[in-house]
Protein chains: 2
Amino acid sequence: MDVKDLCLGALTYGDATGYDIKKFFESTFGHCFQAGYGSIYPALAELTEAGLVTARTEPGQAGPSRKLYHLTETGRRAFLAGLKATEPQHKVKSEFLVLMHFAHLLPPARLDAVLDQHLRELERKLEMIDAYECGGAGDGRLQHPGTRFVCGFGRAVMGAARDYIRTHRRGLGQHGSEAATRSTKQVRARSKASPASKNRGYTNA
Amino acid sequence: MDVKDLCLGALTYGDATGYDIKKFFESTFGHCFQAGYGSIYPALAELTEAGLVTARTEPGQAGPSRKLYHLTETGRRAFLAGLKATEPQHKVKSEFLVLMHFAHLLPPARLDAVLDQHLRELERKLEMIDAYECGGAGDGRLQHPGTRFVCGFGRAVMGAARDYIRTHRRGLGQHGSEAATRSTKQVRARSKASPASKNRGYTNA
DNA sequence: AGATCCATGTAAGGCGTTACATGATTGC
DNA sequence: GCAATCATGTAACGCCTTACATGGATCT
């Protein structure tokens, strides 16, 4: 699943410009998929060349001229086939959590700031979801269950994250023993000290 | 925050080989950061060249020879400075949620399979966290609060995801109206039909 | 005997991010 | 007037993913 597929998906709701599609991504997939113009415009060009979409340029009555993309029948079939074959991956890449893991090496003030910032970020995204569901877009996307499911999912997960941080941030401050000052002592005495027990600590799975 | 930084971080716990570091990433950051050998080995080579780590080759008594990396004082300082400056981003890239958004275009059997698969995956990761915390790695990582916080965070978030899916998957099956059969009708009559109201539906934020 | 684990790397390719470049219009 | 929004692209760079290549040791 790449930006091309997402563009096809966006166009199942009707014709749109690259700019429109970006806004659609932000409002609908903001918390689970991100794409910039640098991916979207090239993707649309490739899709046009492949015959999966067509483009027509409309002189903008108000504002610049717009290039409206339209999903062809071939494109729609390709999208459906792609959907069926898509593996449902779910990847998280969080420097926030890495930072939290190394909290004992972070200045307490910085740690606090990072936690506050992340909480604000979560709050903001939660509000965006609410706004998205209340602000009734009249185009039918809100009626279908998939949209509600994804919104609800985001709310559940980010709400849980917020609650967890609020109730557990207190324990994060104090470092155990002298870890912060002398972290380079050999804790992992491997292959020399205990040749019999391989892999203590790393492989738990 | 890239793989290089993560390697430095891993080495704050003591000397390790590239292979060890990969295992460490999997067990500790598996649910929030991923890195393969293709990133780790080049990263370690660059770090060595930059003088942030040193490498010594140990002939393996049992098994192949190991190249043990050691964090230098310069490296440790660089890591701490990098940590302080790291922006706490948290990105999710979920084809699973995209699939759920387009659930109305998916064959019901496939939809069910995808949901089951994702539930199993969540269950598996939750078990891995429990195993990680119970399986007492004797190297001190478990004692410090950062590790507990990250584990708890993962448990809270993934538990919430699991519960949400279980209680809301039922509503996902039936598609509203004829969306699946004729999705290409113009729902977004824009700029022609209603030139007064720009941007209905897309921009809610 | 065959699979799996330990262990280290290289090389190419893919994909996205970021920065740059441009310009009209609308609201404050 | 100035900022923000609308609107479309290009180009370079960076970073990771995937596949390839190799080989001993242990376990079943």
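Naming convention: chains lettered A, B, ... in sequence-line order (proteins, then strands); numbering from 1 in each chain.
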The side chain of [X] is closest to which nucleotide in this list: [options]?
{"X": "Ser39(A)", "options": "dC6(C), dG16(C), dG9(D)", "answer": "dG16(C)"}
{"X": "Lys93(B)", "options": "dC16(D), dA7(C), dG16(C)", "answer": "dG16(C)"}
{"X": "Arg66(A)", "options": "dG16(C), dC16(D), dA7(D)", "answer": "dA7(D)"}
{"X": "Lys67(A)", "options": "dG9(C), dG9(D), dC6(D)", "answer": "dG9(D)"}
{"X": "Asp2(A)", "options": "dT8(D), dG16(C), dC16(D)", "answer": "dG16(C)"}
{"X": "Tyr41(B)", "options": "dA7(D), dC16(D), dT8(C)", "answer": "dT8(C)"}
{"X": "Val3(B)", "options": "dT8(D), dT8(C), dC16(D)", "answer": "dC16(D)"}
{"X": "Gln34(A)", "options": "dT17(C), dG9(C), dA7(C)", "answer": "dT17(C)"}

Describe, in one word, how the ring planes of [X] and [Y] are oriented to each other, choosing from parallel (under 30°), tilted (30 to 60°) and perpendicular (over 60°).
{"X": "His101(A)", "Y": "Phe24(B)", "value": "perpendicular"}
{"X": "Phe102(B)", "Y": "Phe29(A)", "value": "tilted"}
{"X": "Tyr37(A)", "Y": "Tyr41(A)", "value": "parallel"}

Is the shortest side-chain N/O distance from Thr17(B) to OP1 or OP2 of dT8(C) below 4.0 Å?
yes
Between [N] ([atom2]) and [X] ([atom1]): distance, integer Å:
{"X": "Leu47(A)", "N": "dG9(D)", "atom1": "CG", "atom2": "C1'", "result": "16 Å"}
{"X": "Asp20(A)", "N": "dT8(D)", "atom1": "CG", "atom2": "P", "result": "7 Å"}
{"X": "Tyr37(A)", "N": "dG9(D)", "atom1": "OH", "atom2": "C1'", "result": "11 Å"}
{"X": "Glu95(B)", "N": "dT17(D)", "atom1": "CD", "atom2": "C1'", "result": "14 Å"}
{"X": "Gln89(B)", "N": "dC15(D)", "atom1": "CD", "atom2": "C1'", "result": "14 Å"}
{"X": "Tyr19(B)", "N": "dA25(D)", "atom1": "OH", "atom2": "P", "result": "16 Å"}
{"X": "Lys91(B)", "N": "dC15(D)", "atom1": "NZ", "atom2": "C1'", "result": "12 Å"}
{"X": "Glu46(B)", "N": "dC15(D)", "atom1": "CD", "atom2": "C1'", "result": "11 Å"}

Just to verify, which of Leu47(A), Ile21(A), Leu68(A) counts as forming a side chain to side chain contact (heavy atoms under 4.5 Å, CB included) with Leu11(A)?
Ile21(A)
Nearest-nucleotide wise, let me know which of Gly18(B) and Phe33(A) is further upstream toward the 5' end of DNA chain C.
Gly18(B)
Which is more 5' along DNA chain C, the nucleotide nearest Gly36(A) or the one nearest Pro42(B)? Just name the residue.
Pro42(B)
Select base, sugar-phosphate, or nothing to describe what Phe25(B) touches, counting heavy atoms under 4.0 Å on all strands.
nothing
Once you apply a heavy-atom cut-off of 4.0 Å, does Gly38(A) come out as touching a base, just sugar-phosphate, or nothing?
base
With a 6.0 Å cut-off on the ring centroids, do His168(A) and Phe149(B) count as close?
no
Any cation-pi pair here, Lys23(A) with Phe25(A), using under 6.0 Å and within 45°?
no
